Protein chains: 2
Amino acid sequence: MSTSSRPTLEDVARVSGYSRATISRVIRNVDNVNPRIVLEVNKAIEKTGYRINFAARALAGGSTQTIGVVFRENFGDLFQNSYWGQVLEGVYASLSKVNYQQVFLINDSEHFRQVEQYLLNGHVDGVLFLSVSEEDDLLTDVIARDIPVSVFGPAIRNVPVPYVNGDEQMGGSIAAEFLLKQGAERLGVISGGKGINASKYRTLGFTSYLESINYHFEKSATQAGDFTREGAAKATEELLRKHPDIDGIYVLSDLMSTGVLEKLRELGKRVPEDIMLVSMDNSPTALSTNPQLTSIGYNAFDGGKLLGELILEAIAGKPARSVTFMPSLIERESTKRKK
Amino acid sequence: MSTSSRPTLEDVARVSGYSRATISRVIRNVDNVNPRIVLEVNKAIEKTGYRINFAARALAGGSTQTIGVVFRENFGDLFQNSYWGQVLEGVYASLSKVNYQQVFLINDSEHFRQVEQYLLNGHVDGVLFLSVSEEDDLLTDVIARDIPVSVFGPAIRNVPVPYVNGDEQMGGSIAAEFLLKQGAERLGVISGGKGINASKYRTLGFTSYLESINYHFEKSATQAGDFTREGAAKATEELLRKHPDIDGIYVLSDLMSTGVLEKLRELGKRVPEDIMLVSMDNSPTALSTNPQLTSIGYNAFDGGKLLGELILEAIAGKPARSVTFMPSLIERESTKRKK
DNA sequence: TTGAAAGCGCTACCAG
DNA sequence: CTGGTAGCGCTTTCAA
């Protein structure tokens with residue numbers, strides 16, 4: 001007896017006169033079904049207002065049609081970073097094509113357990129890591145449960161997973177070369193956080209380029225800005241305190257550059273006249289600052305799109321592959337050459 | 001016989017020697033269970049590596065532990081708008097407390113069907129609308145299926161749902177009053193999109209204040225900026241073409257203000273010396289522009305937090321309630337008074 | 001090509 | 001307080 005609750009396959013079966021199995025075949029678009037029956041069944045579906053019960057389907061062995069997307073930043077920081085918007089736009093492009101949705105999970109220390117539980121309890125068909133910390137084992141835990149993953153960023157230790165990353169070292173190297181070419185002579189760096197790989201490699205690329213041309217670069221000319229606006233402002237203050245004569249700064253993200261610009265203005269330094277800035281990400285933010293930022297970026301949209309494709313491939317059981325993007329520099333006002 | 005696949009309640013039952021029902025009670029933290037048994041069962045859970053199967057639980061009548069969060073903007077725009085980050089931070093604060101996760105859904109015309117299907121097929125326990133369009137019936141469709149909702153923004157036509165909004169009209173009114181008080185004399189508005197309620201009411205508040213003091217305000221002094229940076233830049237150009245002598249502009253969002261500033265700079269207009277700007281949202285963006293923006297905002301974090309609480313209440317079957325926030329103006333550089 | 005029926009893993013009810 | 005057991009709504013053999 002059907003009550004007033006949600007109609008089920010059973011209801012559609014009764015109304016149409018066909019079996020549950022047949023209805024199931026129709027809604028799944030399985031081949032071998034008589035076209036006439038398909039028509040009748042569809043009519044019955046319409047009539048009953050039937051909707052797939054996703055939990056039942058997932059339990060019976062189907063998929064959840066959702067991908068977990070893991071961040072390490074909180075939403076506040078996340079949404080100040082228009083770079084992520086570009087990446088997610090790309091991810092969305094590939095996932096929505098096959099009718100997958102995304103659940104966003106913030107893996108901060110406070111919510112680690114919660115996130116882990118959600119991921120491991122079968123809520124998602126796969127997990128896409130937009131940033132990985134080596135401080136917790138979320139990634140390896142997920143892999144241990146045979147849940148497909150794909151990772152944005154450099155390869156993790158010895159874990160063989162599909163990933164897409166940018167060549168961060170090359171980014172740093174390009175920045176150093178360009179600043180010098182534009183006429184800067186005393187360089188500094190506003191780096192990100194300690195544990196973050198992107199920060200490590202970008203800085204490394206910068207310093208090792210300088211080393212290769214025998215430019216003496218002091219360790220104290222690198223200050224950590226934590227990938228936030230406020231952090232970058234503080235780091236800039238510190239940097240200029242120790243090196244008041246700096247005339248070229250490599251900032252590891254556009255978001256941080258907004259903080260750097262603010263602090264420099266406060267200190268009475270003009271950009272680019274007194275100090276040139278090369279930023280990273282080449283996100284929309286680089287266009288909305290004053291002056292606009294010369295910035296080094298990968299194609300974030302393409303990266304995200306590829307990342308989405310990789311997770312779908314992983315879910316389909318295809319062998320893992322990884323891709324590295326090359327960065328390029330977009331010249332804008334913050335490095336205009338001194339006349 | 002248990003194979004090598006995921007351990008189930010049955011496995012834990014066998015290992016611990018207790019019944020499936022008892023195990024179920026333990027993992028659900030139900031009261032009436034002998035503490036000693038709880039201990040033993042937990043040991044067995046550990047030993048087997050048991051994990052709740054969420055689909056089975058959902059099917060058997062439990063909940064999905066996830067809330068759908070619906071936007072109308074794409075991710076690219078979303079992440080340029082740091083305002084949303086604040087709101088979501090608040091939403092997250094209430095939802096994560098009770099172990100709920102959020103799936104983000106973009107309800108653009110291209111993906112409407114997909115989103116609707118996802119929501120109506122039982123993937124989520126409730127839906128939180130961060131922006132509602134009156135152009136589609138997503139909200140009413142969801143309500144029709146008895147899925148709990150809460151809405152960010154003004155009440156929708158005659159649909160009785162819990163919502164939280166800001167008093168947008170008051171925002172506009174405050175902006176007009178303040179610009180005049182600071183000495184601006186010829187005013188203009190960069191509004192949002194046509195269908196968006198927030199835009200409508202903010203503009204209305206502005207113009208009706210002016211009307212109330214018998215200030216003559218021309219219709220052509222309002223230009224639509226579509227709530228994007230580029231749109232606002234174009235609108236500004238148009239506005240100044242029609243009214244070259246404007247000296248005070250009310251911009252309906254911080255994101256748009258970045259576009260306005262950019263265009264004004266391009267046109268050689270100084271802010272605030274030549275033209276003052278009052279923005280809205282009071283988001284982090286207002287701090288990272290040059291000059292920093294005087295901006296009118298509600299407490300976005302509190303709004304989001306409340307929104308999360310409302311959806312939880314709705315899920316719990318409590319009666320709907322709604323809250324309106326009053327805006328306040330934060331004075332910064334973009335309206336510094338002429339000497 | 002279609003139908004019958006056995007689960008998927010859990011919750012919740014009813015006995016004891 | 002604990003155990004037995006009947007579903008939840010779907011997919012998926014296996015027969016017909």
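Per chain, numbering begins at 1; letters A, B, ... match sequence-line order. Owing to the predicted nature of the structure, the values given are computational and were not obtained by experimental measurement.
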Can you tell me how far apart CD (A:Gln117) and CZ (B:Arg51) are? Round to the nearest 0.5 Å.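 Nearest 0.5 Å value for the CD-CZ distance: 6.0 Å.
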For the CZ atom of A:Phe227 and the CZ atom of A:Arg72, what is their distance to the nearest 0.5 Å? 13.0 Å
Rounded to whole angstroms, how far apart are [atom1] on [X] and [atom2] on [N]?
| X | N | atom1 | atom2 | answer |
| --- | --- | --- | --- | --- |
| A:Glu10 | D:dC10 | CD | P | 10 Å |
| B:Tyr18 | D:dT2 | OH | P | 8 Å |
| B:Arg14 | D:dG3 | CZ | P | 15 Å |
| A:Ile23 | D:dT11 | CD1 | P | 11 Å |
| A:Arg6 | D:dG9 | CZ | C1' | 9 Å |
| A:Arg20 | C:dG3 | CZ | P | 12 Å |
| B:Leu9 | D:dT5 | CG | P | 17 Å |
| A:Asn121 | C:dC10 | CG | P | 10 Å |

Closest non-hydrogen atoms of A:Leu307 and A:Ser150, given as atom of the first, atom of the second and distance, are O-OG, 3.2 Å
For a quick check of understanding: with a heavy-atom distance under 4.0 Å over all strands, which category does B:Arg36 fall into, base, sugar-phosphate or nothing?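 B:Arg36: no heavy atom of the nucleic acid under 4.0 Å.
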Answer with base, sugar-phosphate or nothing: what part of the nucleic acid does B:Phe54 contact at a heavy-atom distance below 4.0 Å?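 Answer is nothing: B:Phe54 stays at 4.0 Å or more from every strand.
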Candidate nucleotides [options], ranked by approach to the side chain of [X] - the nearest:
| X | options | result |
| --- | --- | --- |
| A:Ser19 | D:dT12, C:dG3, C:dA12 | C:dG3 |
| A:Ile27 | D:dT11, D:dG4, C:dC10 | D:dT11 |
| A:Arg25 | C:dG9, C:dT2, C:dC10 | C:dT2 |
| A:Ala60 | C:dA12, D:dC10, D:dC8 | D:dC10 |

Kindly determine whether B:Phe152 and B:Tyr298 satisfy ring-ring contact (aromatic ring centres under 6.0 Å, His included), including the steps that lead there. CA-CA 12 Å; B:Phe152 195 65; B:Tyr298 316 94; 8.6 Å; no
At under 4.0 Å, does any side-chain N or O of [X] touch on OP1 or OP2 of [N]?
| X | N | answer |
| --- | --- | --- |
| A:Asn53 | D:dG9 | no |
| B:Asn34 | D:dT2 | yes |
| A:Arg51 | D:dG9 | no |

A:Ser24 or B:Val33: which one's nearest nucleotide on DNA chain D is closer to the 5' end?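 Of the two residues, B:Val33 wins.
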So, A:Glu116 and A:Arg113, do they make that salt bridge, N to O below 4.0 Å? yes
Nearest-nucleotide comparison on DNA chain C, the residue closer to the 5′ end among B:Leu59 and B:Ala21: B:Leu59
